[in-house]
Amino acid sequence: PTLPPGSTVVDETGAGDCYRAAFAVALCEGEEREGRRRRRRSVAACMKFASAAGALAVTRKGAVPGVPTREEVVALCRAEYGEDWDAEEEEEDEEDEGEEETEGGRGGFSVAAFLRGALRRFGPRRGDKSAASSSSSEEVPRGGASADNENDETVEEEEPFPFLFGSRLNSMKDRPDLCDPSSPPRTVRDWVKRQSKVKGLGCVDFNYPQHFADWTPAEARVALDEAGLVAGSVCLRYPSKFARGAMNHPDPTLRREAIDMTLEAAEAAKVLGCDEVVVWSAYDGYDYPFQVEYDDKWTELVDAFRECCDKYPDVKWSVEYKPTDENTRFFTIPTTGAAILLVREVDRPNMGLTLDVGHMLMSGENPGQSIAMVGQLLGGRRLFGVQLNDGYTRLAAEDGMMFGSVHPSMALEIMYRLRRIGFGGHMYFDTFPQRTDPVREAEWNIERAKAFWRAAGTMDERGVRRAMEEHDAIGALNREGAGVVRVTDTQHDEPGEARGGKMNEAANSRRSQPMAQVWRTACVRHRNSNQET
């Protein structure tokens, strides 16, 4: 609908959320019963109500303050569509949508029952191929390479994973000996094509300007469409000319050039079809005491990010911190706490942060606590992305190991905390395969992350909370160990090898799961010792 007279667009933040919430309200409330028949608002009427709510939301600043009242939404609907805006109705036989059978007959409202009914009404039907995303490449659907399950009748449907997966594009140049000798992966285009073979991969994160030396963002967009992928984000990789600093370089001319390069990355993101720019500078910092004026360097970064946020309010600007690097011993933003302070001081709704597991480990942080801090102090939606990996946490070492390979208990808590704060970004694997097949490594990471996510969702929440309240280490370890066993029980050496089906004995004998055996044995022994006591 059009905006109310005299209104203008002030802030688009939260408009989509407001639309979805209003649609749900209209759908749930617009019901009347006549015997065994049920009359409800039509989907079209619900969309009118939701559109009015979304339109009103953009006339005020702020996601929550911008939410309109019911009276305002109804008034706009009447003004735009007439007094009978919700006159259209649908009828159907009364089923168990929203109600559960009780001992005394039909009972009270049930969220589970309502969702079952909503899925029947709006969810894709089994075998309905029209619900799948279309692509310019008929052979490769969105989400990268597809598993050939035509001859596997044992495959069961899994709950859809709620996030897109991306993986480090530069890793696709590793192990060229595994590729066709006539066409080794030399160019970024080749890397995108190779990454399209990764089962479960949904997006590609590009480095700017590094990945656009030989082609344009528009050409990259075409290559993504052909590969059945989408762009996840554009990540800044400033060239070495900014060795003394990028957006806080001591030379005002070079500082201006770095800011302009950062703004160009936003333009590239829009051409690629994504709305996120991740800013990590290998050079914004110092090496020795007395080398820089700390307050000035901080202020320069705050001012630079404010300029970026204001010039591109429809782009999410995400700062990725790192404690140390071979290029910069001390970064201006060295911890999660410092990154949170920066986001709060920039004070823009499109400013957030990206957390890298390896960087948190290098900082001596527990990633679960860092994620919780972001949720508490900024809100989960300001965590725009997480970069998943692992490492041995040797001094100043960024190992880029596969996710959960070294610290499985931390990996489990990472997923648990992401669930708790309402994370809504995308997941990216910042790993360094080097001597490993990068395609298989990415697939292993995807399966691993899914397994940890599912395990975190099935943990005994009451028991976990009780252990936290009592600071009960043993209780926490018992539940953590059980969760990790669930992960390793569902992890296969070959991603997709036994997806949903039973492995035959030969495959079972080939499977190597030392981590599962260690955790299972430890948990069983501990449980038995407790029973004896």
Side-chain angles (χ1 to χ4, degrees), residues 168 207-208 210 235-259 261-262 265 277-308 317-346 351-367 369-371 373-374 377-378 383-387 389-401 407 410 430 432:
R168 183 168 164 267
N207 293 345
Y208 189 88
Q210 178 189 45
C235 310
L236 265 297
R237 292 297 183 269
Y238 300 99
S240 59
K241 66 185 294 183
F242 298 105
R244 289 195 296 154
M247 292 201 297
N248 61 8
H249 196 284
D251 184 338
T253 302
L254 285 174
R255 185 162 68 246
R256 182 68 255 169
E257 185 177 341
I259 295 173
M261 182 178 291
T262 308
V277 174
V278 181
V279 180
W280 173 72
S281 170
Y283 307 114
D284 284 342
Y286 59 95
D287 298 321
Y288 296 98
F290 300 104
Q291 187 175 358
V292 301
E293 180 53 67
Y294 310 123
D295 295 344
D296 291 346
K297 298 299 105 178
W298 178 270
T299 300
E300 286 166 359
L301 283 184
V302 170
D303 292 343
F305 274 112
R306 284 176 177 170
E307 178 180 342
C308 293
W317 294 91
S318 188
V319 61
E320 177 190 353
Y321 86 87
K322 191 175 183 180
T324 186
D325 188 87
E326 65 270 17
N327 298 298
T328 304
R329 274 68 176 187
F330 295 96
F331 281 98
T332 305
I333 312 171
T335 63
T336 298
I340 292 172
L341 289 174
L342 180 81
V343 171
R344 296 180 73 164
E345 189 164 344
V346 171
M351 181 72 191
L353 72 161
T354 292
L355 291 179
D356 183 296
V357 174
H359 297 179
M360 289 185 278
L361 294 175
M362 291 172 66
S363 297
E365 299 178 5
N366 172 18
Q369 182 183 11
S370 300
I371 293 169
M373 285 173 57
V374 175
L377 300 176
L378 295 178
L383 180 58
F384 293 154
V386 289
Q387 299 190 356
N389 47 49
D390 211 334
Y392 294 111
T393 62
R394 292 169 296 182
L395 185 63
E398 183 180 12
D399 297 315
M401 311 295 287
H407 298 97
M410 283 187 173
D430 190 11
F432 314 138

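Start at 1 with the first residue, then count along the sequence.
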Check the surroundings of atom CD in Q369: do more than 12 heavy atoms from other residues, nucleotides or ligands lie under 6.0 Å from it? no
Can you tell if the side chain of [X] reaches within under 4.5 Å of the side chain of [Y], non-hydrogen atoms only?
| X | Y | result |
| --- | --- | --- |
| M351 | L342 | yes |
| L355 | V374 | yes |
| E320 | L353 | no |
| M401 | F432 | no |

For the pair R256 and D251, evaluate side chain to side chain contact (heavy atoms under 4.5 Å, CB included) and give the outcome as yes or no after the intermediate values. CA-CA 9 Å; R256 182 68 255 169; D251 184 338; over 6 Å; no
Main-chain N/O of [Y] paired to [X] side chain as donor or acceptor, under 3.5 Å:
| X | Y | result |
| --- | --- | --- |
| W317 | V277 | no |
| R255 | H249 | yes |
| T328 | A282 | yes |
| T332 | D284 | yes |

Determine, stepwise, if the pair T354 / Q387 fulfils side-chain hydrogen bond (donor to acceptor under 3.5 Å, both in side chains). CA-CA 7 Å; T354 292; Q387 299 190 356; 5.4 Å; no
Output a table of donor-acceptor pairs, distance under 3.5 Å, between side-chain atoms of residues 235-243 and any protein atom two or more places apart or on a different chain; print 'none' if there are none.
unit_1 : atom_1 : unit_2 : atom_2 : d
Y238   : OH     : T262   : OG1    : 2.6
K241   : NZ     : E257   : OE1    : 3.4
K241   : NZ     : E257   : OE2    : 2.6

For L378 and L383, run side chain to side chain contact (heavy atoms under 4.5 Å, CB included): C-alpha distance rounded to whole Å, both residues' side-chain angles, the deciding distance at 0.1 Å, then the answer. CA-CA 8 Å; L378 295 178; L383 180 58; over 6 Å; no
Residue pairs passing the salt bridge (charged side-chain N to carboxylate O under 4.0 Å, His left out) test with at least one member in residues 324-343, sequence neighbours excluded, are D287-R329, K322-D325
Rounded to the nearest 0.5 angstrom, the CG-CE distance for L254 and M247 is 14.0 Å
All side chain to side chain donor-acceptor pair (under 3.5 Å) counterparts of R306, not counting sequence neighbours: none
Name all residues meeting the side chain to side chain donor-acceptor pair (under 3.5 Å) criterion together with D390; count only those two or more places apart in sequence or in a different chain, and write none if there are none. H407
List in chain and number order the residues that pass side chain to side chain contact (heavy atoms under 4.5 Å, CB included) with P323, two or more places apart in sequence or in another chain; answer none if no residue qualifies. Y321, H359, M362, S363
Which residue pairs satisfy the side chain to side chain donor-acceptor pair (under 3.5 Å) criterion with at least one member in residues 294-305, sequence neighbours excluded? K297-E300, W298-E345
